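Excluded from the calculations below are hydrogen atoms, water molecules and symmetry mates; all remaining heavy atoms, backbone and side chain alike, are included. Source: prediction; values computed, not measured.
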Amino acid sequence: STAKLGALQTSGAANITSRFQNIIEDSTTGVVLNVGGGLTANAAGSITLGNTTHTAGVTTSNITALNATATTGSVGLISTATLSLGSIAANSLTITAANITQSAPLNIFGLSTLNATTEGGNITLTNGSNNFGPLALIAARNATIAVTESNTLNLRTVTMGNQASTGLAAAAGNGTLTITSVNGDIIDTGLAFVTAG
């Protein structure tokens, strides 16, 4: 059945599995997720732990590493820490964290939305075996975004210098965007904007 999390706190690692359905956050109250040793989540459906299903309350979390498989669904996670993405396979991916890095290839069929929320918070996903669908990349002022795709890399949106997600006052900053396709093209779907501000 579906696993519903209201709180998950450990200084070690955590492993959550839903063999037949989803892993979700309690949608009617505040949820606290603090996992010092990393979270491994596997579900037949979706894994949504990122303020996506709430009718009341919010999810707050401090998770430093994530491995996830959502066999027929999406993966969504929020963390106030630097988050290292391990092996992840899903139809779509939504990640919000202070910094976003990786330790293993990502295989995402549909849209990946990656939001580094702190000033100077980076998105560094440079494994040459990554396989993404469209990408939406969001970072605040003075950030570095670097993404590598094994095949055609499809940019849906890129926003750098995003102040709205951080509460920072608008001001000039410096940032770097590096996009690499190992075996294919780099394209823009044209559905929105690539803004390296």
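Here Thr101 pairs with nothing under the side-chain hydrogen bond (donor to acceptor under 3.5 Å, both in side chains) rule; sequence neighbours left out. Under the side-chain hydrogen bond (donor to acceptor under 3.5 Å, both in side chains) criterion, Asn151 pairs with no residue at all, not counting sequence neighbours. Applying the side chain to side chain contact (heavy atoms under 4.5 Å, CB included) test to Ser103 and every residue at least two apart in sequence or in another chain returns Ser84. Judged as a side chain to side chain contact (heavy atoms under 4.5 Å, CB included), and not counting sequence neighbours, the contacts of Thr144 are Asn122, Thr176. Taking Asn154 as the reference, nothing meets the side-chain hydrogen bond (donor to acceptor under 3.5 Å, both in side chains) condition, with sequence neighbours excluded. The side chain to side chain contact (heavy atoms under 4.5 Å, CB included) search around Thr29 returns Asp26, not counting sequence neighbours. Qualifying side-chain hydrogen bond (donor to acceptor under 3.5 Å, both in side chains) partners for Glu25, counting only residues two or more places apart in sequence or in other chains: Thr53, Thr59. Every side chain to side chain contact (heavy atoms under 4.5 Å, CB included) that Thr180 has, sequence neighbours left out, goes to Thr148, Thr178.
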Pairs under 3.5 angstrom only: tabulate donor-acceptor contacts from the side chains of residues 12-19 to other protein residues two or more places apart or in another chain.
| residue | atom | partner | partner atom | Å |
| --- | --- | --- | --- | --- |
| Ser18 | OG | Ser1 | O | 2.8 |
| Ser18 | OG | Gln21 | N | 3.2 |
| Ser18 | OG | Asn22 | N | 3.4 |
| Ser18 | OG | Asn22 | O | 3.3 |

Indicate every side-chain donor-acceptor pair of residues 67-74 with a distance under 3.5 Å to a residue at least two apart or in another chain.
| residue | atom | partner | partner atom | Å |
| --- | --- | --- | --- | --- |
| Asn67 | OD1 | Ser87 | N | 3.0 |
| Thr71 | OG1 | Ala43 | O | 3.3 |
| Thr72 | OG1 | Ala44 | O | 2.7 |

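With contacts defined as side-chain heavy-atom distances shorter than 4.5 Å, the pair Leu135/Ile179 does not qualify. No side-chain heavy atom of Val147 sits less than 4.5 Å from a side-chain heavy atom of Glu149. At a threshold of 4.5 Å between non-hydrogen side-chain atoms, the residues Ile95 and Leu66 count as touching. Annotation: side chain of Leu49 is not in contact with side chain of Ile63 (no heavy-atom distance under 4.5 Å). Looking at Leu114 and Leu93, their side chains come closer than 4.5 Å, going by heavy atoms from C-beta outward. Side-chain contact between Thr60 and Thr80 is absent, with no heavy-atom pair separated by less than 4.5 Å. Using a 4.5 Å cut-off on side-chain heavy atoms (C-beta onward), Phe132 and Leu153 make no contact.
Side-chain N or O atoms of Asn34 include one that pairs as donor or acceptor with a backbone N or O of Asn62 at under 3.5 Å. Under a 3.5 Å cut-off, the side chain of Thr96 and the backbone N or O of Asn115 do not form any donor-acceptor pair.
The structure places CG of Asn142 at 9.0 Å from CE of Met160, a figure rounded to the nearest 0.5 Å. Taking CD1 from Ile123 and CD1 from Ile100, the interatomic distance works out to 4.5 Å, rounded to the nearest 0.5 Å. Expressed to the nearest 0.5 Å, how far OG of Ser79 lies from CG of Leu39 amounts to 10.0 Å. Between the CG atom in Leu77 and the OG1 atom in Thr52 there is a gap of 10.0 Å [rounded to 0.5 Å].
The shortest non-hydrogen separation linking Ala81 to Ala97 is O-CB, 3.6 Å. Here the closest heavy-atom approach between residue Thr82 and residue Ala98 is recorded as N-CB, 4.2 Å. Ile23 approaches Ala41 most closely through the heavy-atom pair CD1-CB, 4.0 Å. Between Ile145 and Ala139, the shortest heavy-atom distance links the atoms CD1-CB, 3.9 Å. Contact detail for Gly121 and Ala143: the closest heavy-atom pair is O-CB, 3.1 Å.
Within the structure, every pair that satisfies the side chain to side chain donor-acceptor pair (under 3.5 Å) test and touches residues 124-136, not counting sequence neighbours, is listed here: Gln102-Asn130.
Under the 4.5 Å side-chain contact rule for hydrophobic residues, Ile78 and Val35 do not share a cluster. Cluster membership for Ile47 and Leu8, using ILVMFWY side-chain heavy atoms within less than 4.5 angstrom, is shared. No continuous path of ILVMFWY side-chain contacts below 4.5 Å connects Val31 to Ile24, so the two sit in separate hydrophobic clusters. Following chains of ILVMFWY side-chain contacts shorter than 4.5 Å, one cannot reach Val75 starting from Phe109, and the two form parts of different hydrophobic clusters. Linking ILVMFWY side-chain heavy atoms closer than 4.5 Å, directly or via other members, places Ile186 and Val182 in two distinct hydrophobic clusters.
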